Amino acid sequence: MTNFTRRSFTSALALGVAAPAFLRNASAQSATIKIGQVVPITGPAAEAGKYAMAGAKIALDEINKKGGILGKQVEIITEDDQTTNPGAVLAFSKLATNPDIVAFVTSIRSTQVHAMAPDIAKIAKPTMFGGTDPTLTKLGNPWLFRCRPNDTFSGKVIAEFGVKELGLKKWGIVHSTDAFGTNGMKALEASLLALGVTPVAIQGYANQSQDFTPVVLALKQAGIDIISSYFTFENDLGIFARQLRQLGVNAPWVGSPSIVNTTAIKLAGAALNNTYGVADYAEESSPEAKAFADTYRAMMKVAPDNQSSWTYDGMNLLAVAINKAGKTDPEAVRAAMLSIKGYKGAEGEYNFDANGDGLHGYNVVKNVGGKIEFAKHIEFPA
Amino acid sequence: MSSMIEIYRASAQRKQRGLLAYIALIAVLVYVAATTTFDGYVTNILMQAVTYSVAVMGLTVVLGLCGQINLAQAAFFGLGAYAVGLGTVDYGLSYWICMGLGLIVVLGFGAFLGTSTIRLGGHYLAMVTISFQQILTLVMINWIPVTHGPDGVSRILKPTLFNTPQSYLAFCVVVLAVVGYLVWQLPSTKLGRAMRAVRDNELAAGVTGIDIQRTKVTAFAICALLGGLGGGLFAGGFSYVSPDQFSFAESIVFLTMVLLGGVASPIGAVIGTGLLILIPEWLRFLKSIPGLYLAIYGLAVILIVLFMPDGIWGFVVQRFKSLRGALRLSAELPELTLVQTQSHADDVLVVDNLAKHFGGLKAVDDISFIVKRGSVHALIGPNGSGKTTTLNVLSGLYTPTAGAVKLDGQDITHFAPHERTASGLGRTFQNIRLFRSMTALENVIIGVERPGNPVDHAPIALEGRARAALNFVGLGDRADELVTSFSYGHQRLIEIARALAGNPTLLLLDEPAAGLNSTEKMELRDLLKRIAAKGLTILIIDHDMTLVSEVAEHITVLNFGRRIADGDPVSVLNHPDVVTAYLGSDANAAH
Amino acid sequence: MDMVFQLLFQGIGIGSVYALVALGFVLIFRATNVVNFAQGEFSMVAAFLMVIFSVDLEWPYWISFLLSLGGMAIYGALFNLGVYFPLRHRTYLPVIISTIGASILVSNSTLALYGPQPQVLQPLLDFPGFNIGTVYLDAQYLLIIGLTVVLVAFQYWFFEHTLLGKKLQATSQDKEMASLLGIPVATMIMLTFVYSAMIGGLAGILVAPILFVSIHMGGTIALKAFAATIIGGFGDVAGAIIGGLALGVIETFGAAYVSVPYKDGFAFLVLVAFLVFRPQGIFGERVAEKA
C-alpha cells in the first residue's frame, strides 16, 4: 500500500469521472492531427449540429485528400454541447483534456462561446467559432477566431440595403429577446440611426412563442413600410411569416441569416417569398461557395447554409494556418492565422484583423419562390 | 437518573467520534481538491457537482423533511448566482458582500413563497413555484439594464482568498461539508422533528403544539437559502452565468437529483447530484444517435422511481439495516411526573353554549358542560350524536358557529390547534395519528417539546422524559423502534404517551378503545386509572360503555347534537332519556 | 376596434388549444389525483404519428388521422401500465417524477427515431382562412375552436348520460366506494388514460399545421394548460375550458397592450393571483389535498 500515492489516488478518481476520455488518451499516440469540435447533438439546436458536423467533415475529407496537415492525416473529435451553456463548457473542457487536440471548432451560438471563453483562455489553443455577438472578439481573449461576419456588419448591411437600395424609411424591427436577437436589433438600430433613420416600431418576443398576432398588429399600426427581423428559431420565424401575410402585411422584409436557411423556407413556404436576407453564406456569391454547395448537396441531399459553411471554413483556415506555421505550437498557429489575408472561403474573403474577426461583409440574397438568389455583396473595410 | 445520563453520554461520545471521522474525511477531500492538479474537465465536473449538491440539499430539507414540493430551486440558485455575478462585475463589490446580499434576497423570496404554503398544498404549491420560476426567468432575460439580459454575466470574480480554481473548489467542498453536516443533524433537532411531523401528519402536528405555518415557511426559507448559496458558489466557479442555466428544466433536474439519491438524507442529495451530472457524461459515447442518451436517462428515472422508492441511498440503507443489529439500551428510568399548572381553579374546561352547524345541519347545538379538575369526565352518545364534532371544535380543527370554550380560565375559542396545545390541551385520535417515519421515542419527544410545557428542554432531559413516558405506558424497552412496527393497540399507547409527555392540563381521548381487543381494553383501562391517579384531568369520548362506566366519575350524554343528560355515572346511566336514546337504540355498542 | 377583435379571435384560438390539453389533464387528475407532466408529449407523439402516416407514407388524411388517434389510444394504455399503474399505491410525488421521466424518455426517443428537424403537417382544410372586415379568421383556428365546443358537449353527454361515463365519474370521486359497487377501478383508470391521450393527441394534430411538428411542441402548451386547469378549478371540466380560453385571451391582450416579451409571464401572474385570492378556481370546489 505504500505505492498508493496521492497521484495514483487522483488518477483513480479522474478515471472514475472521465473514463472514456482517459482510455482514449492512453491509446492515442498522435499519428494524426486532431481538431476538437463542440456541436449540439441533442437539444433544440440538434438539427443545426448535424449541418455543422457535415461542413467540418467535408473540409476534413478535402484536407486529407490533399495530404493532410503537416503531412499527417487529420481527425475530428466531437463532443455534444446539449444546446446548453453548461453543456458547452463541459464539452469543451472534456476536449481540452486531450493533449493531442491542437485546435478547436466550437459553437455558432454566442452565449455558448461566452460560457466557454474562460476555458478557452486557459487551454490557450486556437479556437474557431461562429457566434456573431460583436463583443466576443473584444473580450481580450487572443485565442478566439470568428469565421462569420459579426452582427455589427449584419446590421450595417441590412440598413444600407434597405435605406439605400430599396429607399425605404419607415422601419419595423422584430427580434428575439435572446442574446442573438437583442444584439442584432441594437446593431441594426445604431446603423439605421447613422443613416438618419429612426425605426418606427421595435418588437421583441420570447423564443418558442406560439402566436405573433400582437407583434404583427403593432407593426401594422406603426405604419411600417419595411420589416427587418432577427429570429433565432425557424419555427418562430415560420409562424410569424405566415401570420404576417395572413394579416395583410406585405411590406418588403430584410431579415437576419435565419430567414434564408433551409428549414425556415421549408416551414414557412410561400410566406417567405420575395423576402431578402443577409447571408454570410450565399451559394452564388463566389466560385468557392458554389464548389462547397455542390459537394454538400451531393452528401446531404439538401442545400447548404451558414450552419455548415463556417465550420467548413473554420477547418480549412486551421489547416492553412498550421501549414503556414509549420508546427502545431499554439502561438505560431495564432500568428499565422492573424496573418491570413485574402483567403477565399465558402463564406467570403477572410482578412483577419487584430481582434480575430475574419469577415467584414455580408451577402444580400432574395428568396424567389423558395429558391435563394444572390442579390448583392456589401463589404466594409476591416 | 444516573444510568440515563450514562446512556446519553455513550451516545454523545459515539456522535462525537462520528463527527471526528467526518471532519477527517472532509479534511482529506479538501486536501485532495486543493493540491491535486485536475484537468479542466474534471474540475468543471466536480465544481458543478459540489455547487449543485448544496442546492439539492435545500430540497432534502423542504421535500425530504417537510414534505413540501418546490419546483423553483433553479430560480433560487439563479438569484444567488446573479447576486454574485452582478455584484462583483457591475458594482465592484467583494465576493463575500455579494454572497451575503444574495442570501438575504433569496431568503426573502423563499419566505414569501413559503407563505403561500399556508393556503396551498400539493399540486397548487407546485404551480406557484413553477410560476415563480417562469416569471424570474423572464425577468432575467428581459430586464436587460440590470441583468445583462440573455447575454448573461461574464468574467465573474472569485474571492481573492481562493483565486485559483483548485483552492476555490476546496472552499466549495468545505461549504458543502458544513451544509451537509447541518442538514444531517437537522432531523434530530426540534425544528427538524417539527418538519417531519408536519410531513407525516399535519393534523397531528398541529395538535401536538407545532406551528405548522411557521415550520413550512422556515423549511422553504432554508431550502431557498441553500439554493442561493449553491448558486453563489456556482457563479464564482464558472465565472459566467446566463438565464438559460436557471430555467424550469433545471428545477426539474434538481428535483430529480434529490429523488434519485434519496430525499431522506444529505448523502442522498450528493449521490443524486453526482450521478445526474455524471450519467450524461458517461453516456456521451451514445451520441452517434441524437437523443438516445437522454432517452436512457428518462428511462432510468422511471426505473429508479419504480424500484428504489427511497432513492439510491434509501435502498443502500435498507440493505444495511438488515445486517446491522439494532442497538439496544436498557436503563433505569425515573417515574413519569405530571406537573400541573399553577392555577387552582376548580373548573378545568368550561364549554358554554357551544354550537357547530354545517350548512343546515346542526351537528352540535347549544351544548354546555364543565370538566372539574382531577376528574375523569366522559362524553358519550350514539354514532352521529355530535361527540366527535364537539371534540374537533374543542381541539380547534373546527371553528364553532357559536358559544365559547375556556381552558383553565383562558378563552381558547378562537385559538389555532397548536395554540390550544400550548395552553395545555393534549389529545389522542380515534384513528391513530402518529408520525409514521419516526421512532416511538421521537414521537414522544415531539410531545415533550410542546410549547409551554413546564419541563427542562435540554436534549438529555427531553429524551429522559420521553423515555419515562413510554415506560409509563409499558413500552419503555421498545422506544427506539419505528412506530410502524408496533401493533395497533401499542400505537394507541404511544399516542397517549406523546400527549402525557407534554404535561397537558386536560387530556382529550377520542374513542381510545376503538379497534382494541379485550385484553388491550383491559390494559387501557388500567392505564387510564393510573393516569387519573396522578391527578390529571381527562375528558374521554367513547361509546364503549364498559370502559366509560369503569373509569368515569362524571358523564355527559349527547344525542342529535344536544346534551340530554349530565351527572355521575349511576344517575346518568339510569336516566330514562339516556336509556331510550342511547342504550335503547344502540344496545349493541357495549358487546 | 378591429385590432381588439383580431386579438380576441387569436386569443380564443390559442386558448382552445390550452383548453383541449387541459381537458386531458383534468381527466387524469380526477381519476388518479396526480398531475401528468408528460401530458404535452401526448400532443407531440400524435403529431409525429400524423407525419409518419400522412407525410412519409402518403396515406389519405382521414385514414392517417384515425390511425393516429388509434395509436394514441394504445400509447395511453402503455403509458398507464408503465408510468402510473405500478405506482398507484404511492403518494403523488413519485408519480410526478415518473411522469417527468416519461416526458424525457418519450421526447428524446422521438428525437432518436425521427431526428431533430421540425416537420410540416398540412392542415385538414384546403382553404387557409378569410376576412371579415379587416379581421382575419384562420381556418385552422376556427376548426380548433369548433372541435373544442363539440368535444366539450360530447364529454358532458358522455359523463352525465352514459353508464360508462358514470362509472368513470364514480371512480374519480371515490375509488374504494366504486370498487365496492363492483366497478373495475383499474380498467376505468386505464380508460381514462386512453381517452386523455386521445384528446391530447387530437390537440397536437390540430395545432401541428400552425406550430409545426417538433419534439418541443408540447412542452409550453402543457405548462399553460396546467395553469389553465388551476385557474378553472382543478378537477372541473368546464373550469378547464374556461381557464384555457381565459388564459389565451389574457396573454394575447397582455402581449398586445403591455409587453410581448413578458407574454408568458401574464399567464403565471394571473395564476398566482388566482391561487392567492381564489384557490378553488373559477368554478371548482377546492380539492382537498392531504399533506
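As the structure is a prediction and not an experimental result, all values here were calculated from the model. Residue numbering restarts at 1 for every chain, and letters A, B, ... go by the order of the sequence lines.
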Participant: Could you look at C/I215 and say if it's the side chain, the backbone, both or neither that has a heavy atom under 4.5 Å from chain A?
Facilitator: neither
Participant: Indicate yes or no: does A/E283 engage A/R297 in a salt bridge with an N to O separation below 4.0 Å.
Facilitator: yes
Participant: Parallel, tilted or perpendicular: which one describes the rings of C/Y257 and C/F253, with boundaries at 30° and 60°?
Facilitator: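 Ring orientation, 0 to 90° scale: parallel.
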Participant: Please look at C/Y141 and chain A and tell me whether the side chain, the backbone, both or neither of the residue comes under 4.5 angstrom of a heavy atom of that chain.
Facilitator: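 The side chain, not the backbone.
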Participant: Can you tell which of A/D236, A/I239, A/T177 has the highest number of heavy-atom pairs within less than 4.5 Å of chain C?
Facilitator: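 Heavy-atom pair counts peak at A/I239.
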Participant: So, A/F292 versus A/Y281, ring centres under 6.0 angstrom or not?
Facilitator: yes
Participant: As an exercise: rank A/T213, A/N235, A/L267 by heavy-atom pairs under 4.5 Å with chain C and give me the winner.
Facilitator: A/L267
Participant: In sequence, state the C-alpha distance, the side-chain angles, and the governing distance for A/F240 and A/R245, and then conclude on side-chain contact (heavy atoms from CB on, under 4.5 Å).
Facilitator: CA-CA 9 Å; A/F240 173 73; A/R245 300 314 186 204; over 6 Å; no
Participant: Please flag which part of C/I14 lies under 4.5 Å from any non-hydrogen atom of chain A: side chain, backbone, both or neither.
Facilitator: side chain
Participant: Please tell me whether A/Y312 and A/Y296 form a close aromatic pair, meaning their ring centres lie under 6.0 Å apart.
Facilitator: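 Ring-ring flag for A/Y312/A/Y296: false, centres at least 6.0 Å apart.
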Participant: Among C/A256, C/P118, C/G13, which residue forms the greatest number of heavy-atom pairs with chain A at distances under 4.5 Å?
Facilitator: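 So the answer, after comparing C/A256, C/P118, C/G13, is C/P118.
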Participant: side-chain hydrogen bond (donor to acceptor under 3.5 Å, both in side chains) between A/W253 and A/S229: does it pass, once the steps are laid out?
Facilitator: CA-CA 8 Å; A/W253 181 358; A/S229 66; 2.9 Å; yes
Participant: Examine whether an atom of A/Q203 lies under 4.5 Å from a heavy atom of chain C, and if so say whether it belongs to the side chain, the backbone or both; otherwise answer neither.
Facilitator: side chain
Participant: Let me know if C/S214 has heavy atoms under 4.5 Å from chain A in its side chain, its backbone, both or neither.
Facilitator: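 For C/S214, side-chain heavy atoms alone lie under 4.5 Å from chain A.
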